[in-house]
2 protein chains.
Amino acid sequence: MQHKERRGGPPSIVEVARAAGVSTATAGRVLGGYGHAGAASRAKVEEAAQRLGYRPNGLARSLIHGSTQTVGVVVTDVGNSFFASAVRALTDVVRAAGYEILLANTDSDPAAEQRALQIMWEKRVDGLVLAPQGPGTAERLRPMAEAGLPTVLLDRPLAALPHVDQVTINNTACARSAVGHLTRLGHRRIAVVSEAARDLDRLRDARVKDGDDERPSAARLVGHLAALRRAGIEPDPELVVHSPYDRHAAERSVRRLLRRNPEVTALFCTDNVLSSGAVAALQDSGRSCPGDISLVGFDDQDWTTLVRPRLTVVRQPRRELGTAAGRRLLERMAERERHAGQESAQGAGSGAAAGERIVLRGRLITRESTGPAPGTARTPSA
Amino acid sequence: MQHKERRGGPPSIVEVARAAGVSTATAGRVLGGYGHAGAASRAKVEEAAQRLGYRPNGLARSLIHGSTQTVGVVVTDVGNSFFASAVRALTDVVRAAGYEILLANTDSDPAAEQRALQIMWEKRVDGLVLAPQGPGTAERLRPMAEAGLPTVLLDRPLAALPHVDQVTINNTACARSAVGHLTRLGHRRIAVVSEAARDLDRLRDARVKDGDDERPSAARLVGHLAALRRAGIEPDPELVVHSPYDRHAAERSVRRLLRRNPEVTALFCTDNVLSSGAVAALQDSGRSCPGDISLVGFDDQDWTTLVRPRLTVVRQPRRELGTAAGRRLLERMAERERHAGQESAQGAGSGAAAGERIVLRGRLITRESTGPAPGTARTPSA
DNA sequence: CGTCCGACTGAGAACCTTCTCAGTCGCGCC
DNA sequence: GGCGCGACTGAGAAGGTTCTCAGTCGGACG
């Protein structure tokens, strides 16, 4: 009498129980590690499980427990080293607490974000880390947040969701400090390469503070403008060059900039891929750096110390970003666990409790790609 | 009479059905999109679902269908740009077919790999992509492969699992071509930086072909040795320097090498982080490149054209690796789907059918960091 | 010797959805 | 008008686990 396995699938606990000659309840107790089980049953069940190659079915378990031990992570692109680092750090933190990662990329496409959120919701993740993507994220996320799903926002704040934890970087201040460094060196014609250049008019007079509802690139552009203003420089739209998020496009944009505005003596790049394009364009331009032109990049990648001159950059704590998000999420999930059942249905996690806003600090690392503006002997302002 | 929601959790289909005044069967038909449902019921159910914010529970659905629409991805480190790119490409491919990604990192720790595999198994992923990690992977993976779980190996082949699809890069040939390039330039004292240097004795006489059971770093070292032999150069253990997988460690190793063996005129690095360490060490050494010493790196990262001289590198098709793995996995899963039920329990997917071995080709990109060996006027050999 | 207690076990509900099977109802056709 | 058929609906099992509740059994104590 061979144990007839009903389907091709892996053996279930009832097959193990039958093989061991006990009830499924007892088999469950042994294999699930709950309740008591006698030594004799235990041995029989363990032997049978071993023999049949039994693995518990996490789906069934999750269905009952209402917990999948999985967190959803939705980012723009794991292929980007910024998110790759953050996700890696995040994974380590939550994994130590027994959670796995369900990963989705959106490529900044709101529709893709919507799909990703739906799926995370259907798969019943226990928590969610999201790098918001463009217009409408708050509305897309609200139902989930209000249903009490522990959620942490990453990299980009969302003022419209005050109850949701948010972990970001002080982008505006970073940019201000980077550009401030340039103005102090006497530069007046300072260009910026930014994905957000198109929004210049809107951002121009905005008093965007760190932690407000802006994409990092926009926040950095705001910081750039603020630094110029502080130095008494009127921002020139000509020097705010747009580039899509692509190295070669950035290279072309910078090349065009240098051709049209040869008087520029300094350049600020608002992120890593734009920085690398700018370096390429600069090398190609025949200008000496920092002799003719100074350059500040964003994100302290390994290669920034390998090029000559070594790049002055804003270092962002990418790993810490992931770590902080993971920790915050674990706390929220633990809270929810604690309050489970004792709270009534409504708003278990969306109560009046304000979400925490963690703003990590990037910092300027001065290296060799920035120097005094050409022909400046006058004392730097401020 | 407010619908009493039993638990804090999201509404289930029975709540929707009750609210709509129909049976769960009908509600299921409407919301699940199977079977027929009358227009009147349909409207009532949809309204109720909308009002209650119903989302189907993927766990229950998966439990019934026996499919989670999820694939497990186990790599060394998503933070590493190589895997970041591959995983990104992989995600795109499988996502287009409706699969999500469950991600785990192992850091080359066999125990972590074991844990990851267990969890993937318990969570009942529909397929698995694994970058094998060190000793014992075949044994860890075998039970799952034999249970018919579609599996694709990534980046590192495993001869012990002939039935499993494997997608790799022709590392040995790549290394041979890189080092052959150096010997043709007249170099005789060629050093190599490798994670696998410790295994030199074992690899020395090995006739490892691409697609054999070796870590990429070992395969590349074998290619290095083969190229030397072909040029009639006896490999010198002094010039095979070990470095852990860390940029700064690599930098130290190379610095020490140059100090002890100043006669070295060429250096081959077996992967991206080692390459970046070597560049740093070289810049620091005061030697001119390629005048005094030539350098070949591995993996064509963006920065390799930003440093001076531009690096000669072996380009690996990282994204294609992920794409190919994803496609292969999709095919396997489709096959399994097709055969489901008609095949008997045993070995549904582990039959005699040999796994496919896809070997993608990297290629040498000659740039400026390699030149003729100093003082060679004689004609290059071969 | 009877009773009670503890250790252990088994039956069965619950989790949420899918899907089979049987049943109801209206309508068209003979 | 009766019958058959099709469209639709509902009851209930299944999927694999957890967990409650009730029950059995041996032993200890009065």
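The analysis underlying the following values was restricted to heavy atoms, covering all of them including side chains, and did not include hydrogens, waters or symmetry mates. Residue numbers begin at 1 in each chain, while the letters A, B, ... track the order of the sequences. In this text, all values refer to a predicted model and were calculated from it rather than measured experimentally.
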Of all the choices, [options], which nucleotide is nearest to the side chain of [X] once you look at every atom?
{"X": "His65(B)", "options": "dG15(D), dT18(C), dT17(D)", "value": "dT18(C)"}
{"X": "Leu63(A)", "options": "dT17(D), dC15(C), dG12(C)", "value": "dC15(C)"}
{"X": "Ser23(A)", "options": "dC8(D), dA11(C), dT18(C)", "value": "dA11(C)"}
{"X": "Ser12(B)", "options": "dA11(D), dC16(C), dA14(C)", "value": "dC16(C)"}
{"X": "Ile13(A)", "options": "dT17(D), dT20(D), dT20(C)", "value": "dT17(D)"}

Side-chain N,O (Thr26(B)) to OP1/OP2 (dG10(D)) below 4.0 Å: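 Yes, within the criterion.
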Starting at atom [atom1] of [X], determine the distance to atom [atom2] of [N], rounded to an integer number of angstrom.
{"X": "Arg55(B)", "N": "dC16(C)", "atom1": "CZ", "atom2": "P", "result": "16 Å"}
{"X": "Tyr34(B)", "N": "dT18(C)", "atom1": "OH", "atom2": "P", "result": "4 Å"}
{"X": "Arg61(A)", "N": "dC16(C)", "atom1": "CZ", "atom2": "C1'", "result": "18 Å"}
{"X": "Glu15(B)", "N": "dT17(C)", "atom1": "CD", "atom2": "P", "result": "9 Å"}
{"X": "Asn57(B)", "N": "dA14(C)", "atom1": "CG", "atom2": "C1'", "result": "14 Å"}
{"X": "His36(A)", "N": "dG10(C)", "atom1": "NE2", "atom2": "P", "result": "16 Å"}
{"X": "Ile64(B)", "N": "dC15(C)", "atom1": "CD1", "atom2": "C1'", "result": "11 Å"}
{"X": "Arg18(B)", "N": "dC16(C)", "atom1": "CZ", "atom2": "P", "result": "11 Å"}

Ion pair Lys44(A)/Glu47(A), N-O distance below 4.0 Å: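 Result for this pair is no, no salt bridge flagged.
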Check this for me, if you would: do Glu335(B) and Arg332(B) make a salt bridge, where the nitrogen-to-carboxylate-oxygen distance has to be below 4.0 angstrom?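 Salt bridge flag = yes for Arg332(B) with Glu335(B).
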To the closest 0.5 Å, what do you measure between CE (Met333(B)) and CG (Leu149(B))? 9.5 Å
Does Arg156(A) reach the main-chain N or O of Leu153(A) with its side chain, forming a donor-acceptor pair under 3.5 Å?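 No, Arg156(A) side chain to Leu153(A) backbone: no donor-acceptor pair under 3.5 Å.
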Return the 5'-most residue of the pair Ala27(B), Ala60(B) with respect to DNA chain D, ranking by each residue's nearest nucleotide.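 Residue closer to the 5' terminus by nearest nucleotide: Ala27(B).
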5'-most contact on DNA chain C: Arg29(A) or Leu31(B), nearest heavy atom basis? Arg29(A)
What verdict does the side chain to side chain contact (heavy atoms under 4.5 Å, CB included) test give for Val45(B) and Val16(B), after you've listed the backbone C-alpha separation in whole Å, the side-chain angles of each residue and the deciding distance to 0.1 Å? CA-CA 7 Å; Val45(B) 169; Val16(B) 175; 4.2 Å; yes
